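Bear in mind the structure is a predicted one, so any value in this text is a computation, not a measurement. Within every chain, numbering begins at 1; the chains are lettered A, B, ... in the order of the sequence lines, protein sequences first and strands thereafter.
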Amino acid sequence: MSNRIITPVKEFEDLLPQEYKDLVADGPFFAEKGVDDLGTFKEIMEQHPHCAGCGEALGMRLVLAGLPTPQDTLIIGTPGCSFFGLAQTALNYSNTAFGNQNAVASGLKRMLQIRYPDKHKDVVVMVGDGGIADIGLDYTLHSWFRKEKITTIMLDNEVYGNTGGQESGMSKEGKVLNMAPTGKKFPKIPVFELAKTSGCCYVAKVTIASPKKIGKVIRRAILIAREIGPTYVQLFTPCPTNLKFAPDQTLKVAKEAEKDYYPFEEFISDDAAAYLAKVEQAKGDGKS
Amino acid sequence: MSNRIITPVKEFEDLLPQEYKDLVADGPFFAEKGVDDLGTFKEIMEQHPHCAGCGEALGMRLVLAGLPTPQDTLIIGTPGCSFFGLAQTALNYSNTAFGNQNAVASGLKRMLQIRYPDKHKDVVVMVGDGGIADIGLDYTLHSWFRKEKITTIMLDNEVYGNTGGQESGMSKEGKVLNMAPTGKKFPKIPVFELAKTSGCCYVAKVTIASPKKIGKVIRRAILIAREIGPTYVQLFTPCPTNLKFAPDQTLKVAKEAEKDYYPFEEFISDDAAAYLAKVEQAKGDGKS
Amino acid sequence: MNIEQKNVSPEHILFEAPRDKAFITGSEAVAEAVKRANIDMSIAYPITPQSESMHLIGDLYAQGYIKDYYRAENEFAVMAAVHGASLGGGRVFTATSGPGTLRAAEMFPVWAGSRQPIVCGFMCRGISLPPSIQPENIEMTFLLDSGMLMFHAENAQDFFDMILKGYAIAEKPDVHLPVGVFVDGFFTTHTREIVMLPPEDIRLSPYDPKCSPVPAFDMETPPMRVVRDPLLNKSNFISYAANASWHQEILAAAERSKKYINHYMNGLIEVDNPKAKILIAASGTAVAQSREAIRDLQAEGIDVGLIKVKSIRPFPEKEIQAATENAEIIIVPEFNAGGWLAREIKASLDHNSRVISAPRIFGGMPMPKELIVNEVKHAIKKRA
Amino acid sequence: MNIEQKNVSPEHILFEAPRDKAFITGSEAVAEAVKRANIDMSIAYPITPQSESMHLIGDLYAQGYIKDYYRAENEFAVMAAVHGASLGGGRVFTATSGPGTLRAAEMFPVWAGSRQPIVCGFMCRGISLPPSIQPENIEMTFLLDSGMLMFHAENAQDFFDMILKGYAIAEKPDVHLPVGVFVDGFFTTHTREIVMLPPEDIRLSPYDPKCSPVPAFDMETPPMRVVRDPLLNKSNFISYAANASWHQEILAAAERSKKYINHYMNGLIEVDNPKAKILIAASGTAVAQSREAIRDLQAEGIDVGLIKVKSIRPFPEKEIQAATENAEIIIVPEFNAGGWLAREIKASLDHNSRVISAPRIFGGMPMPKELIVNEVKHAIKKRA
Amino acid sequence: MISNIDIRMAGLGGQGVVTAAHILGTAVVSAGKHSAVNPFFGAEKRLAPAESYVRMADRPVYDRGEILYPDLIMIFAPEVITMGKSYTMPFYSGLKEKGLVMINSDEPILSEKEQAGLDKLGATLFYIPATKLAMEFAGTELATNMTMLGALCGLVDLVEIDTVIEAVAQRFSGKSKFVASGTTAVLDESIKSKYAKVSLLIEKNTTAITKAYEYTKKLNQSK
Amino acid sequence: MISNIDIRMAGLGGQGVVTAAHILGTAVVSAGKHSAVNPFFGAEKRLAPAESYVRMADRPVYDRGEILYPDLIMIFAPEVITMGKSYTMPFYSGLKEKGLVMINSDEPILSEKEQAGLDKLGATLFYIPATKLAMEFAGTELATNMTMLGALCGLVDLVEIDTVIEAVAQRFSGKSKFVASGTTAVLDESIKSKYAKVSLLIEKNTTAITKAYEYTKKLNQSK
Amino acid sequence: MMGVRVAEDKCIGCKICIYACPEPNVIKLTDSKKVTIECIKCKSCLLCVSACPKKALTKDEA
Amino acid sequence: MMGVRVAEDKCIGCKICIYACPEPNVIKLTDSKKVTIECIKCKSCLLCVSACPKKALTKDEA
Ligand SMILES: Cc1ncc(C[n+]2csc(CCOP(=O)(O)OP(=O)(O)O)c2C)c(N)n1
Ligand SMILES: Cc1ncc(C[n+]2csc(CCOP(=O)(O)OP(=O)(O)O)c2C)c(N)n1
Ligand code: SF4
Ligand code: SF4
Ligand code: SF4
Ligand code: SF4
Ligand code: SF4
Ligand code: SF4
Ligand SMILES: [Mg+2]
Ligand SMILES: [Mg+2]
């Protein structure tokens, strides 16, 4: 998107809502912003109906702040709580049938490559754990097998949040949830490992307790997806409502998970690493 | 199935077709038979419409001969060439929608455990590569995640045989096929590796050039599925018609693949290995 | 299971057993039905507004009322697994809604084709875009030719009864077809209302897989190969004829089900005030809203009767013809944009210009009785 | 691409360009249409009897006529990816059959809901059990309320033309709806017949995503968040109303498409011998078979006319009413067990006892003209 | 005793509007009358708008869904009005003439325009310090729904307060699971975590209801 | 010249019945008449039964699908009859009175019952050594479909043999892909692999057709 | 009911609260390197309160 | 056209052909440890012919 498109025509500026003007004046479209800059610029997500203390909302906020080029970023979603925040975000956001996200993203990315051969249009899938690991697993893996140049971000709250707290494939073993009345019978689906096996060039696992890492990881994932191949970020974003802890405990839960079973992990394929070294050096990135 | 059920009533015996009487007299239902015994007993598959020289037909023939307890084996299939032979087999065989096999098998196995708590009813999925790795991947992996006690056998002919030679996820990279007019763009899907990551207790890869290995592997896969958890066998069964080699070359193609990129591989989880040691010792098996 | 349950006939549980008043939601009514249905296995996948029912059924599993239960990976998997379980010779239940129904669409004709007496709840809701989780029964139009029997419940009481009746009807050896029990999601699932329940300590007798036109898939019948050539992929008139007659038999079984629907459900339709010149014909929640409208209309001295269509498949063509013999105006209010019920009714009636396909509500809206009242008055005015 | 193609208007390619005779199958006709449709992208999944068409489209990709093409993992993925590609602002094509249609059922209303001018070929075949890959158009009944425009081609010529016409109609800014072009699988896909083709060196002008009621999904329009609260999950009358009016607009767009269907397809129906007291009303291959039957009947001195229903959605209610004004007998032969076309026609006509829903052929059988002839004679006898 | 009445309850997710409606309906039915109760048809999120609807009558209630024309509106949180945390704006839209409005607030919060709207309808307005009463008598603001219920019964002669209290006991006795949409049940159940024992919860809630009942009874009489 | 005729061709998968039908239809159409050609509607397997159908007429052909009542039946392999490798049993079922049957065989293969069936219909039967002719003149039994076509033209005055030969050239010229169901195309294409060059293939096929044509032409005259 | 109060004297402008808040555009850094909170958008989850290392934030009970 | 001929003298009964045949119940081992072929079910793929280490099998050209 060229800046011309969002720049208000002087004569009509006063007709535009304040929010829009703020986005133009202080948003991340004209001047590059990152997670580090939060609190000092107008974020592209606005007032969403997520529960108080929602880890997923926080996760999305951090991811959105980390987008390297929001003005050319397209978000593909799917039903799930993430819908609420993403529908309130000043980016093209699409959400159709549950689990189809990586198939939709494949078609979209290819069409954008046809229509804008000289531009990077970053197609980013951002959806829940259920959407990726359960109903959408086939489409997720096949987009990776096919080496689609898209970034897939799992907002892993270890439960079906939006439909009221049912077991997800990413729920922890033994956890009692709706539709798992006697506790979940199998461990978290190893999507991180599957991603490595299935052709992802960059795979990272991180929690909302590490906001700056999120910024870095998202940037890497998107840049690598532009040039090398599919990338995957698994973000732990606990759900106070359905995992039934107090809303002010969300970060504590994330921090404990980070120590306990959700450590930061990063996998970079050789070609991705080479590419990354090049761009991060050029940008002076990667030191943070 | 108790033998009583198939034993013809004397008075009506002459009404039964010869084929049926042969099955009772010389089939593998009363006396245990194996791959080694082929040529000396009445096989349960009969005259099928597979192409001359079909690797898949040969593969199925060998698998069926290797079943430890055919009288209590249920085969779940899916559309694909395998339908032809399996529909001609004297076992309960079901084939409904393409790719749903491991979901159907999950429901069936659990119901049979309810109805026959004291009996082993072996639920065996036997379908093509497309059915497992493409359209059915989600159901395949989830049955493994859930630790369903079923055996999944892929008849890997590296193509969609039944629909006329289209690219499958298991086709070799670069192969020109229908719907892949400029050659396949990604390598064979690593289902063998995915199986190991996804909870299978026993995983084996073998080709029709090694008939006795098939017998052994099938037996192991089914016995382990009875007691320990999901098992997976990937069987290379090349398709002369759609891979376009002469029908008398099928075994040569398999043999070369075995040398080249389809070596025999076996993975056994620790609990499965322990169990196997026990039963094979008891049976005097496993030496072959 | 904290109570011992006695196996009884459907007749006993439906007609003879005493009933007590409960104030419960439609979702709870589903669970109450399943508790008394002697289900072997149930498989779940969440979707609003179905989820609560399947949560409660999970609880029934935990309590021992059901022998196996799990959450599957998606609706296609649910319907496939339920199909597999039913093949195995037991009684199964599941439920879904809107997009879930469409995700699994391929499996419903397979159930019918396999002659499986599966009962499935459909808590109808919006599909498509813009996204909507709210009430709408558009998904029913996708299943009209699926081979399933389709019942449309007006309220939680119907939902409870139709599930139990569904098994009674589905499992008759000369029927043996899947039954979909449909409700308008939210309106029925999430409304708490009075439901009369038989005692908890009785349940349907178990399913008997031997009383079936198709043997159970358990290697306990002689496993002869059935045909010289498989039916598929043949330009073979024998195979064509076998296929066609199999499907004809599915349609015939639906016809035969009518006698049982009459027996258990007291007719495929229910008619109030059949002599009225103005009739409202509706199914599901639209019936409930029509009752309110009729109350108001009668209060104003406008004589309006009601046809409640309970069975959508088999469709009560003859019954509706008979019930509308004297009708001059037939209003068909519906909760969907397509107007499928009006289409069905129109196709059943000669002189169908009497049929008015309105109000047609969708997008999640309620159907205020006032809308129906207005439609009736408008029709009267137009006719006059 | 071994030839240079010139971009032309639909009018030119359809009405003005000279045509040459080719002796090709329906599958080849699809590829010939796609070759001239200036498609950006196509995504394939095999299923009989569709596969040959999508093979040929793969060849077109290899030859440079299409910019991207791949085999997806299943039909739901195909329809989702095609949806994504269309979102991205280009022209797309795909096709499927029977079980594939049902596997992807959820996506078709999504296309309509997203107002995407996708054209999809449906090479109809049997679904369900017992397995059948043979001709049957039962899948069309599942899509009647999907929001798609639905055209039913009689033969390869229709198939060729309706695909190109489909784009012309679908892409009109006041239509912008997906178009399904349906044929009876095998009968059309696998029959080699004479098709008149315009030259290869012309093609439709490219799709212009700016002439759309919904902006392309490419971050090239100001990405304001559209609503204060997302439409979903709200008991919010504004959201209900927005949803309902969006769907109403889809229905309205289908209404508006009629003028373009009239223009490009020469009417939603085509009537031969409209004064005959006996009419056969049919769509798809049943039309072709009816033509043979009518030839025989006329030869015997029995005057029979023909209504060919080309557009199933929007359904030509008014047109059929007008065309049947004088008809005493209306025979509706169909290739499905449900009889959905007869239902539609009955619902459209007052005095629909004139409509005879037969012969109804399914299971893969052909429909010998003799069957239709007999049905006509039988109806005459009964009436007399 | 009032027979036929339609009530709309509006609050924030987690405040228990669904539970309140459930309890009221249960009481009405156990008093031998008819009722149908439903929540708004959407996924509740903690502190996002939430509504529920109670219909009661002396003859069968068929009508269901959102109540478009309520006789009575209960506002469980001032933010519904002041911050627009509502699905219905203005909050009283659809209110029948001479309808009744109860707002949980210690002090008047209506804008002039809103007040004028109510006046035009001839509506009666009550402010109830329901959260305050809840804190005072149940020790948690999560009991606000109880005090709102109590207050309702004090203001309007719908059903005996004892029947309501019985319904509360039934609701929390744990004999049956509370069933509500999506996260509603979780949020509405969270009050349970505030008390060590169910008996204590019921006791505290009973006190809160009773006190609120008495509070408005007095208010009503004084009017 | 015969105008309206319906032909059923039956053989084994890989014998080229679909290609034969295609060529005949093409020839008929390029001769200015009408034709519709289709294969049987199933997936062909190598050496499993396979059929195709040719309709030709001097007015538009609308009818499609399997031909139930053929005027002429061509049997491409004796196994169709002797081993029951056929979808239609007996192989002549549906044949119209006074119909014509061509069987690829060097010697009579019909059972008495079959012969009686044909006699009852007043059918004319020809044995054609089509595979032998194919081996002899094209060097491969895969050209059997060509000799069957040539033989047909010699027996029945359907279309000029040169037009048929032209259609063969067109079929194999590679200008357009051969499109047929499932594996049919692959199997019917396999003859290509027998020849180094397309031109040679066309040449050999032309010879085979011509020789077979001459063979039956003589046969016919001698009858 | 909703809102969080900042004790300006305690705040060191470390922005930890900003990274902790699930609501966008609520906590902002002022030019004087203190945070301000736009309470109308705050949901009182108190994640910021728990996160602040300086205990500079408290729930607004007003 | 279909069928395979066994040269009994060459056959050593190793059964390799039996493991190579895609058709069930076609090649059988006799009591004298030679194979016989039920030609009516044979599809002439010649896999057995290629597989036989003793060249005991040949295509039946009859
Ligand atoms: C086909 C289909 N099935 C089910 C649903 C219902 N559904 C919507 S969101 C959701 C769960 C979302 O869980 P997850 O992906 O983990 O996202 P979260 O809400 O936890 O962020 C489900 C089951 C649907 N919309 N479509
Ligand atoms: C939903 C659906 N999509 C597509 C098909 C068509 N179909 C049947 S079998 C098959 C391919 C089978 O390939 P594979 O699984 O590899 O088995 P093979 O035939 O090669 O043994 C396809 C695409 C179908 N039956 N159902
Ligand atoms: S339910 Fe959980 S994930 Fe969803 S908005 Fe609430 S806290 Fe966030
Ligand atoms: S197409 Fe291939 S896999 Fe299918 S039967 Fe023929 S040879 Fe076997
Ligand atoms: S976390 Fe505390 S100290 Fe740091 S900026 Fe926020 S309020 Fe200030
Ligand atoms: S209380 Fe929660 S919503 Fe409010 S400012 Fe703090 S973190 Fe943000
Ligand atoms: S492979 Fe040869 S030697 Fe061995 S058994 Fe067969 S025919 Fe005899
Ligand atoms: S030729 Fe083929 S089918 Fe015949 S016996 Fe040998 S291996 Fe078997
Ligand atoms: Mg989740
Ligand atoms: Mg395959």
Side-chain angles (χ1 to χ4, degrees), chain C residues 21-32 46-53 55-56 58-60 125-126 132-136 154-157 184-195 285-296 335 361 364-371, chain E residues 4 6 8 18-44 51-57 59-70 87 94 163 166-167 170-171 174-186 189:
Chain C
K21 186 155 80 173
F23 187 62
I24 56 178
T25 65
S27 302
E28 288 173 270
V30 173
E32 294 298 338
I47 187 163
T48 307
Q50 164 262 88
S51 304
E52 289 72 36
S53 309
H55 296 171
L56 293 170
D59 295 343
L60 291 176
R125 64 168 255 198
S132 160
I133 62 171
Q134 273 81 17
E136 235 186 71
E154 176 186 351
N155 50 28
Q157 183 71 60
D184 297 271
F186 285 108
F187 289 127
T188 301
T189 52
H190 285 62
T191 297
R192 199 172 282 281
E193 52 184 318
I194 295 169
V195 180
T285 299
V287 175
Q289 299 306 116
S290 300
R291 291 189 199 278
E292 296 281 359
I294 291 171
R295 183 148 54 197
D296 286 10
F335 277 103
I361 301 291
M365 295 273 179
M367 186 191 283
K369 58 184 177 180
E370 290 81 357
L371 269 186
Chain E
N4 299 349
D6 291 349
R8 181 162 79 209
V18 175
T19 287
H22 172 180
I23 289 169
L24 182 58
T26 307
V28 167
V29 165
S30 69
K33 291 202 275 184
H34 296 265
S35 178
V37 164
N38 61 256
F40 75 108
F41 295 161
E44 191 173 346
E51 286 186 4
S52 67
Y53 312 90
V54 181
R55 291 172 170 88
M56 45 194 288
R59 35 104 191 127
V61 177
Y62 302 116
D63 197 31
R64 53 203 50 226
E66 286 92 342
I67 291 176
L68 302 184
Y69 310 113
Y87 294 130
T163 319
E166 234 168 76
Q170 209 181 310
R171 160 72 180 80
K175 252 180 61 190
S176 68
K177 188 170 179 169
F178 175 59
V179 176
S181 171
T183 56
T184 303
V186 181
E189 287 286 279

Check each atom of [X] against the heavy atoms of chain E and say whether the ones under 4.5 Å are side chain, backbone, both or neither.
X       : answer
I24(C)  : neither
D59(C)  : side chain
P46(C)  : neither
T191(C) : both

Self-check item: chain E contacts, top residue of R295(C), M365(C), K369(C) (heavy-atom pairs, under 4.5 Å)
Solution: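 Among the listed options, the one with the most contacts to chain E is R295(C).
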
Quiz item: Among A21(E), S52(E), S30(E), G25(E), which residue forms the greatest number of heavy-atom pairs with chain C at distances under 4.5 Å?
Solution: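 When all of A21(E), S52(E), S30(E), G25(E) are compared, G25(E) has the most.
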
Practice problem: Under the side-chain contact (heavy atoms from CB on, under 4.5 Å) rule, collect the residues that match up with L371(C), sequence neighbours excluded. | Solution: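 side-chain contact (heavy atoms from CB on, under 4.5 Å) check on L371(C) returns P359(C), I361(C), P368(C).
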
Review item, side-chain donor-acceptor pairs of residues 34-42 of chain E, under 3.5 Å, at least two apart:
{"from": "S35(E)", "atom 1": "OG", "to": "R55(E)", "atom 2": "O", "distance (Å)": "2.8"}
{"from": "N38(E)", "atom 1": "OD1", "to": "G65(E)", "atom 2": "N", "distance (Å)": "3.0"}

Quiz prompt | No-hydrogen, no-angle side-chain donor-acceptor test under 3.5 Å, R64(E) and T285(C) | solution =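 Not at all, the side chains of R64(E) and T285(C) share no donor-acceptor pair under 3.5 Å.
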
Exercise. Using only heavy-atom distances, determine whether the side chains of E193(C) and N155(C) contain a donor-acceptor pair under 3.5 Å.
Key: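 Checked: E193(C)/N155(C) side chains show no N/O donor-acceptor pair below 3.5 Å.
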
Quiz item: So, are E28(C) and R192(C) salt-bridged, with charged N and O less than 4.0 Å apart?
Solution: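 Result for this pair is yes, salt bridge flagged.
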
